[in-house]
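Just so we're on the same page: letters track the sequence lines, and every chain starts at 1.
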Amino acid sequence: MIQVTLPDGSKREYQDGASPLDVAESISKSLAKKALAAKVDGQMWDLVRPLEGDASVAIITERDAEGLELIRHDAAHVLAQAVQELYPDAQVTIGPVIDDGFYYDFARKEPFSTDDFDRIEAKMREIVDADYPIQREVWDKDAAIAEFKRIGEDYKAQIIDDIIPPGEAITVYKQGNWFDLCRGPHLPSTGKLPKAFKLMKLAGAYWRGDHRNEMLQRMYGTAWASEKDLKEHLTRLEEAEKRDHRKLGAQLDLFHLDGMAAAGSVFWHPNGFQVWRQIEAYMRRRLDTSGYEEIKTPQLMDSVQWEKSGHWGKYRENMFIVPDFIPEGDEGVEISVPENAKLMALKPMNCPAHVEVFKSGQKSYRDLPLRLAEFGCCHRNEPHGAIHGIMRVRQFTQDDAHIFCREDQIVEESIQFCRLLESVYRDFGFEKIAVKLSTRPDVRAGDDATWDRAENGLKAAVDAAGLPCELLPGEGAFYGPKLEFQLTDAIGRVWQCGTLQLDYVLPERLGAEYIASDGSKQRPVMLHRAILGSMERFIGILIEEFAGAFPIWLAPVQVVVAAISDDAAGAYAEEVAAELRRTGLRVEVDRRNETINYKVREHSLQKVPVIAVVGAREAEERKLALRRLGSNGQQVITLDEALVSLTVEALPPDLKRARGS
RNA sequence: GCCGGCUUAGCUCAGCUGGUAGAGCAUCUGAUUUGUAAUCAGAGGGUCACGGGUUCGAGUCCUGUAGCCGGCACCA
C-alpha cells in the first residue's frame, strides 16, 4: 500500500502501482474525466504513470496553468505527428511551449507554405479524434540514438547525443505509431487535447539558435483549453494589431518611413515631432533639476578617435564610415575615393565624445560627480532584418548621459538614477517595468572585489527605487555589470529602453583623470545611462501603449475649436483659439464647410483630446461646448473658465507637481 | 545577414486559367451653412517597386535587385 497526500492535506491509501488517475477516480468521476496530468511531490507526472511510493499528489486540469502548458506541449506533438504523416520527408527537431502557444521546428528541403496549414490542422484534428493513448517509455540512450538514426531523424539523434549524459536513460512518448523524445509529461491520450488550436505563422529559425547552422522551418501555433479562449486570444491579437505604431504613425500623420530613401530612419511629421518636442522638453526639465548638464558633441569624428575608444576594431561593422575628401568632377562622373583620404565615422554612441568633454580642462574631485547629458543622435548600421518600424532604426536619438564619479559615489548615483527613471516612467503612465541585472561574464576586466561592489551597488539601487529585478548571470558587458529597463509593445514584444552600465574601461582607454584631494591623479568611473533609451523607440512604445490617444500634455493637437457653421461662429472660433494659444495650448480651428457630425468624427479619429464646439449660442454667451475624447457628453463652460481649467489640465506631470496641485 | 511571404492611385484593397487597369476613402471643384462619430453631385489621379527574359501580347509566367512584413540571428 502507498499513502497519498492530497492538496487539502487529507491522506488516502492506494494499492502499490496506483497512478494519479486512480487517485482522481477515487475522488470523483468528473475529476478523473477532467484530469490531464498530475503533480507528484511537486514534479510533473503522467496521469497513468504508476506512483513510486508515498507521495503528495495534485491533479492537474485545464484550469491550472500547468494544464494549459500540457495542452500546448501536446499540441506541438500532434502537430509534429500530423506534419510527418503528411510530409514524410520532414524531420522533427524540437517543439517547445511558448507564451500563448507553441512552435515546432522541422527540417525539410521543400519550403512549407501557409496554404498547407488547413491540411495540417485537419490532420491534427484527425489525430485528436483517433484518441491515441500517449505512452511513456524509458529507453537506453545509445539504443535511442540508434533508433532515431535508423528512422532518419538525425536531428533527434544529435539532441540525445548532446544533451543526455552518457549512461542516462531517456524517455520517449508514443502516440499511435509516432513517437518523440520528450521529458514529458503528456496527456493520457490525444483525444484529451482540446481542438482549440490554430497554426499561426511560418518562420525560419536556425538549428540550435546558431546562425552558422542550417535553417529550419518553424511553425507557430496557439492552443487553448476551449474554443472560447482561442477566439478571445485571436480577438486580442486583432486589437493589438490596431495599436501597431506603424499603422497609427500613418493614420495620425506622426511620421513616415521610406525604405528606399532612407532605410531605418524616420521622417518626423509636424504631429509626431510635436510629441518628440514635448518629451524632450520634459526630459530637459527633469535633467536640469537632477544635477545634469547638457552638452552637444560632434556627429562625425575622426577614425583615430574611434580607434582609441576601441570601437574601430570590434564595432566597425555597425558604423557608417565617411571618407573625408572633396569629390572631383561633374555630375555623372563616378565618385572615387582617394586612397589617402582620411576616414571619419558617424557616431554610433556618445560615450567617447563625452569623455573628450570631461578631459578638456583639469577636473578636480570637487567636480565629481559630473553628469553630462546629451540628446545624442547616433547612427548604427544594423543588420537589415533587424530594422523594425521606429523601434529599431539606423538613426536614433538617445537621451544619453554619462556620470563621471569616484568609485565610492557609484551606489548613490545609481540609486538616484533608478529613482529618476522610475519617476519618469510613472509620469508616462508605465507602472510595470521589467528590470534585468546582468552580472559578470566569464571574460571580464577588473578584479572580483570591484565586481562585487559594482553588482551589489546596482542591486541596492534597484531596491531603493522599489523596482523588481531579475538576474541575468554572466550577461554583463566585459567592462561592467548593467541594468536594463524594458517595456513591452502592443503585441508583447519586449524592448530595452532604459539602461545603466558601469564602466571602468573606457576612462582608462581614453585617459580620463581627475585630481584627487591628496593631489594624485585618479581615474573616474563612468556610468552610461539612458532613461527613454531612444526617442524613436520610446515614442513607438508610447503610441502603442496609448493606442495613439496621447494624454493631453503629449498630444500634438490638444484642442480643436470646431465651428458649427462658419457664418455663425467662425470668427468666434478664431478668437477662442487665439485666447487658448496664448496660454500655451496647441490649438487648431476647424471652420470648414462640413457638418459638425463630420468634424467631431474626424477629430475623434485623430484622437484629439478636446473638441471645443462653438455655434451661434456659444458665440452669443462667450462659452464653449467641450467634448472629451472617449466620452460623448458635453461640458458647456465659459471661455474664461476653459482658459483656466484646460491650461492646468494640459500641464506636463512634472510641472503639475511643481504647482503643488 | 538567413528562411518564407508580400510590393497595383495619397491610404485600404479588387483584378479568374496572359488580351493594353478598377472600387471605397482621401484630394480638387460645385451645391449645401449644418448642434456632437461620415451632406450630395462631379472631376482629376497609376511607367502595376525596379531591371532583364519568355510571348504576337505581361499587373498576371520565369529571373535578378531593392524595400517591406513575419520570424531567426544580431542589438558590444
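- Within the 4.0 angstrom heavy-atom criterion, only backbone atoms of the sugar-phosphate kind lie near A:A205; the bases stay farther away.
- Using a cutoff of 4.0 Å between basic side-chain nitrogens and carboxylate oxygens, A:R208 and A:E214 are not scored as salt-bridged.
- Using a 4.0 Å heavy-atom criterion, one finds that A:D566 contacts the bases of the nucleic acid, with or without backbone contacts as well.
- Note: CD (A:Q486) to C1' (B:C75) measures 12 Å, nearest angstrom.
- In the displayed structure, A:E620 atom CD is contacted under 6.0 Å by at most 12 heavy atoms of other residues, nucleotides or ligands.
- Between the CG atom of A:D105 and the C1' atom of B:G4 there is a distance of 14 Å, rounded to whole Å.
- With a cut-off of 3.5 Å on both pairing distances, the Watson-Crick or G-U wobble partner of B:G30 is B:C40.
- Listed nucleotides: B:A37, B:G35, B:C74. Nearest to the side chain of A:I596: B:G35.
- Atom CG of A:L237 and atom C1' of B:G70 are 13 Å apart (whole Å).
- A straight line from CZ of A:R592 to C1' of B:U39 spans 14 Å, rounded to a whole angstrom.
- Computed from coordinates, the A:D210 CG to B:C74 P distance equals 8 Å when rounded to whole Å.
- No more than 12 heavy atoms of other residues, nucleotides or ligands sit less than 6.0 Å from atom CD of A:E588.
- Within the 4.0 angstrom heavy-atom criterion, base atoms lie near A:A616.
- Using atom P as the reference point in both B:C13 and B:G70, the two lie 14 Å apart (nearest Å).
- Taking CD from A:E475 and OG from A:S438, the interatomic distance works out to 6.0 Å, rounded to the nearest 0.5 Å.
- Of the candidates B:G71, B:G4, B:C68, B:G4 carries the atom nearest the A:P111 side chain, counting heavy atoms from C-beta on.
- Comparing A:S113 and A:H311, the nucleotide of RNA chain B nearest to each residue sits closer to the 5' end for A:S113.
- Taking 4.0 angstrom as the limit, A:H211 places none of its side-chain polar atoms (N or O) nearer than this to OP1 or OP2 of B:C2.
- Ion pairing between A:K623 and A:E621 holds under the 4.0 Å rule for side-chain N and carboxylate O.
- Rounded to an integer number of Å, the gap from CZ of A:R591 to C1' of B:U33 is 13 Å.
- Of the nucleotides present, B:C56 is the one that pairs with B:G19 by Watson-Crick or G-U wobble criteria, both distances under 3.5 Å.
- At a cut-off of 3.5 angstrom, counting only N and O atoms as typed in the model, there is no donor on one side facing an acceptor on the other between the side-chain of A:Y206 and the base of B:G71.
- Residue A:H388 has its side chain nearest to B:G70 when only B:A73, B:G70, B:C72 are considered.
- Of the nucleotides present, none pairs with B:C48 by Watson-Crick or G-U wobble criteria with both distances under 3.5 Å.
- Nucleic acid contact for A:R617: base, since at least one base atom lies under 4.0 Å from a heavy atom of the residue.
- Nearest to the side chain of A:M215, among B:A38, B:C72, B:G70, sits B:C72.
- The side chain of A:P383 approaches B:A73 more closely than any other nucleotide in the set B:C75, B:A73, B:G71.
- Contact annotation for A:G310: no contact, since no heavy-atom pair falls under 4.0 Å across all strands.
- At a threshold of 4.0 angstrom between heavy atoms, the contacts of A:A625 include nucleobase atoms, whether or not backbone atoms are also involved.
- Checked against a 6.0 Å centroid threshold, the rings of A:Y87 and A:F106 do not count as neighbours.
- Here A:R493 reaches the OP1 or OP2 of B:G71: one of its side-chain N or O atoms lies under 4.0 Å away.
- Rounding to whole angstrom units, CG of residue A:N632 and P of B:G35 are separated by 17 Å.
- The CD1 atom of A:I531 sits 9.0 Å away from the CZ atom of A:F485 when rounded to the nearest 0.5 Å.
- One interatomic measurement links the two molecules: CG of A:L605 to P of B:C25, which rounds to 15 Å at whole-angstrom precision.
- Counting only heavy atoms from C-beta on, A:Y220 has its side chain closest to B:G71 among B:G71, B:C68, B:C74.
- When distances are taken from the side chain of A:R601 to each of B:A37, B:G1, B:U33, the shortest belongs to B:A37.
- Side-chain N/O atoms of A:K201 include none lying less than 4.0 angstrom from OP1 or OP2 on B:G70.
- Comparing the same atom, C1', in B:A21 and in B:G59 gives a spacing of 8 Å after rounding to whole Å.
- Phosphate contact (OP1/OP2 of B:A73, side-chain N/O of A:R208, threshold under 4.0 Å): absent.
- Residue contacts shown for A:I611 are absent, as no nucleic acid heavy atom lies under 4.0 Å away.
- B:G10 sits 33 Å from B:C62 when the C1' atoms are compared, rounded to a whole Å.
- Nucleotides B:G4 and B:G46 have their C1' atoms positioned 29 Å apart, rounded to a whole Å.
- Pair assignment for B:A9 gives none, since no Watson-Crick or G-U wobble pairing has each distance under 3.5 Å.
- The side chain of A:E594 lies closest to B:U39, out of B:G1, B:C2, B:U39.
- A:R493 has no carboxylate O lying under 4.0 Å from a charged side-chain N of A:E544, or vice versa, which leaves the two without a salt bridge.
- Side chain A:R392 to base B:C74: a donor-acceptor pair is found below 3.5 Å.
- The separation of B:U36 from B:A23, taken at their C1' atoms, amounts to 31 Å, rounded to a whole angstrom.
- Counting any heavy atom pair closer than 4.0 Å across all strands shown, A:R628 reaches no nucleic acid atom.
- Comparing B:C40 with B:U47, their P atoms sit 31 Å apart, to the nearest whole Å.
- Between B:A58 and B:G51, the two P atoms lie 14 Å apart (nearest whole Å).
- To the nearest whole angstrom, the two C1' atoms, one in B:C56 and one in B:C72, are 47 Å apart.
- Note on A:Y598: a side-chain N or O is less than 4.0 Å away from OP1 or OP2 of B:A26.
- Here the CG atom belonging to A:L254 is positioned 8.0 Å from the CD1 atom belonging to A:I390, to the nearest 0.5 angstrom.
- The side chain of A:R627 sits closest to B:U36 out of B:G70, B:U36, B:A66.
- Summarising the base pairing, B:G4 is matched to B:C69 through a Watson-Crick or G-U wobble pair whose two defining distances lie under 3.5 Å.
- Counting any heavy atom pair closer than 4.0 Å across all strands shown, A:G259 reaches sugar-phosphate atoms only and no base atom.
- With B:C2, B:G35, B:G67 as the candidates, the nucleotide lying closest to the side chain of A:E618 is B:G35.
- Annotation: of the two residues near RNA chain B, A:N597 and A:L257, the 5′-most nearest-nucleotide partner is A:N597.
- For A:R246 and B:C11, the shortest distance from a side-chain N or O to OP1 or OP2 is not below 4.0 Å.
- You'll find the ring centres of A:F255 and A:F267 outside the 6.0 Å limit.
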